[in-house]
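Some notes on the structure that comes next.
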Amino acid sequence: MNAHLTQLIEISRLDKDIEALEPLIQAKRVDLDRALATKHKQQAEYSALEEEKAALKLQIAKNEQTLHEINAKVDSIQKKIAQIKSERELRSLGIEEDITKERANQANKEIERLEDEIDHKNKLQSALQEALEGIESQISVLEEQVEKDTAEIKQRQQEIFQQKQTLTLNMDRKLIAFYERIRRWAGNTCVVSVRRQACGGCFIRINDKTYTEILGSQDILTCPHCGRILYVETQPQPTSEI
């Protein structure tokens, strides 16, 4: 096999190894990202409960104001009753007083209901706060592990990159430029093997004449269909038994 082609195959392999490590970094973050998403969701739920409590407190304040006005009206009615001498007017004011007191009773019940609802939301917030503390602890552990794992992967990437740099220093500049030009559009499939007389990149069958050239030529040849650099994998020689 052409020595330059062997170099291109090796560079392509190193590029694939470098890029193959990127998904590993993302994979290491899966649990951390899931924990962060849970934290953000719980924080949003906590904030929503706080807003709901504020709305309930506003309703309580309105009911308390209504109750204050009702009580003032009850006092006014009772003063009038004390001064009334007519039986008819007395009955009328008595009915009005009963209706006003019923309104006061309803307002008190509504205030009690709203306070119970606030108490329930306080309990939900307490549970969320406990969960948040737990997820924060988990995130801290995961962040430390992800940082360690990512550093190891990046170190491995750097080692492979150094191998590539060492290799390219001994290669022809035009050959490297040719490789990089194809790699810009073909990515890590810029150098592919021929399998079953088809390009390993576009998978289109190569005609017999071109295939024969690839098998016998010492030149660097490209796929007539897609332009990728082609090579034929050499089969290992069988060892003879004595």
Side-chain angles (χ1 to χ4, degrees), residues 1-45 131-206 214 219-236:
M1 185 182 290
N2 183 302
H4 291 314
L5 179 57
T6 301
Q7 290 174 327
L8 290 177
I9 294 170
E10 179 62 14
I11 284 183
S12 177
R13 183 188 68 78
L14 292 172
D15 280 332
K16 288 176 183 177
D17 289 346
I18 292 171
E19 191 166 306
L21 291 172
E22 283 299 326
L24 292 181
I25 294 176
Q26 295 302 317
K28 295 294 182 182
R29 287 193 56 90
V30 169
D31 290 339
L32 175 58
D33 290 340
R34 188 181 294 117
L36 288 169
T38 299
K39 174 187 172 182
H40 295 152
K41 180 182 178 182
Q42 291 175 343
Q43 286 176 327
E45 289 175 358
L132 278 167
E133 290 172 1
I135 202 73
E136 284 283 5
S137 177
Q138 182 184 352
I139 287 170
S140 178
V141 173
L142 288 171
E143 283 179 335
E144 185 177 344
Q145 187 62 48
V146 167
E147 185 177 352
K148 178 184 175 183
D149 292 343
T150 300
E152 291 175 356
I153 293 171
K154 287 188 177 294
Q155 176 63 31
R156 177 58 183 151
Q157 281 182 319
Q158 187 60 32
E159 290 171 359
I160 299 172
F161 183 74
Q162 289 298 329
Q163 292 178 39
K164 178 183 175 181
Q165 289 289 86
T166 301
L167 181 59
T168 55
L169 285 174
N170 299 318
M171 290 178 63
D172 182 85
R173 298 293 95 190
K174 291 182 179 179
L175 184 63
I176 296 172
F178 173 65
Y179 168 81
E180 292 295 343
R181 186 166 60 251
I182 297 174
R183 189 168 182 266
R184 275 196 290 272
W185 62 265
N188 286 331
T189 65
C190 56
V191 181
V192 294
S193 64
V194 177
R195 295 181 180 179
R196 296 182 180 179
Q197 204 172 324
C199 170
C202 67
F203 309 108
I204 298 176
R205 181 178 173 80
I206 299 166
I214 295 170
D219 294 330
I220 294 174
L221 301 176
T222 58
C223 174
H225 306 292
C226 67
R228 288 177 172 86
I229 300 167
L230 297 176
Y231 70 93
V232 177
E233 292 180 339
T234 56
Q235 297 294 327

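What you see is a predicted model, and the numbers here were worked out from it, not measured in a lab.
Between the CG atom of Leu14 and the CD atom of Glu19 there is a distance of 13.0 Å, given to the nearest 0.5 Å. One distance of note links CD of Glu144 with CG of Leu32; it measures 12.0 Å at 0.5 Å rounding. Distance check: Gln158 CD to Leu21 CG gives 12.0 Å after rounding to the nearest 0.5 Å. Note that CG of Leu5 is 10.5 Å distant from CD1 of Ile214, once rounded to the nearest 0.5 Å. Interatomic distance, CD1 of Ile204 versus SG of Cys223, reported as 6.5 Å (0.5 Å rounding). With values rounded to the nearest 0.5 angstrom, Leu8 atom CG is found 4.0 Å from Leu175 atom CG.
Across every non-hydrogen atom of Tyr179 and Ser12, the tightest pair is OH-CA, 3.3 Å. Taking every heavy atom of both residues into account, Asn170 and Gln7 meet most closely at O-NE2, 4.0 Å. Minimum heavy-atom separation, Thr222 to Leu230: C-CD1, 3.9 Å. Closest approach of Ile135 and Ala35 over heavy atoms only: CG1-O, 3.6 Å. Closest non-hydrogen pair, Val146 versus Arg29, comes out as CG1-CG, 3.9 Å. The two residues Leu142 and Asp31 make their nearest non-hydrogen contact at CD1-O, 3.7 Å.
Between the side chain of Ser140 and the main chain of Glu136, no donor-acceptor pair closer than 3.5 Å is present. His225 places no side-chain N or O within 3.5 Å of a backbone atom of Ile206 that could act as its donor or acceptor partner. With hydrogens and angles ignored, the 3.5 Å screen pairs a side-chain donor or acceptor of Thr189 with a backbone N or O of Ala186.
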Practice problem: Decide side chain to side chain contact (heavy atoms under 4.5 Å, CB included) for Glu152 and Asp149; before the verdict, give the C-alpha distance in whole Å, the side-chain angles of both, and the deciding distance to 0.1 Å. | Solution: CA-CA 5 Å; Glu152 291 175 356; Asp149 292 343; 4.2 Å; yes

Quiz item: Run the side chain to side chain contact (heavy atoms under 4.5 Å, CB included) check on Arg13 and Val191 step by step: do they pass?
Solution: CA-CA 9 Å; Arg13 183 188 68 78; Val191 181; over 6 Å; no

Exercise. Please lay out, stage by stage, how Phe178 and Ile229 fare under the test side chain to side chain contact (heavy atoms under 4.5 Å, CB included).
Key: CA-CA 10 Å; Phe178 173 65; Ile229 300 167; 3.7 Å; yes

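With sequence neighbours excluded, the residues forming a salt bridge (Lys or Arg N to Asp or Glu O under 4.0 Å) with Asp15 are Lys164, Arg183, listed by chain and number.
The shortest distance between side-chain heavy atoms of Ile176 and Arg173 falls below 4.5 Å. A 4.5 Å side-chain heavy-atom check between Asp17 and Gln163 finds every atom pair outside the cut-off. Taking 4.5 Å as the limit, some side-chain heavy atom of Lys154 sits within range of a side-chain heavy atom of Ile25. A 4.5 Å side-chain heavy-atom check between Gln43 and Lys39 finds at least one atom pair inside the cut-off. A 4.5 Å side-chain heavy-atom check between Glu147 and Glu143 finds every atom pair outside the cut-off.
The local environment of CD in Glu180 is crowded, with over 12 non-hydrogen atoms from other residues, nucleotides or ligands closer than 6.0 Å. The number of heavy-atom neighbours closer than 6.0 Å to NZ of Lys28, taken from other residues, nucleotides and ligands shown, is 12 or below.
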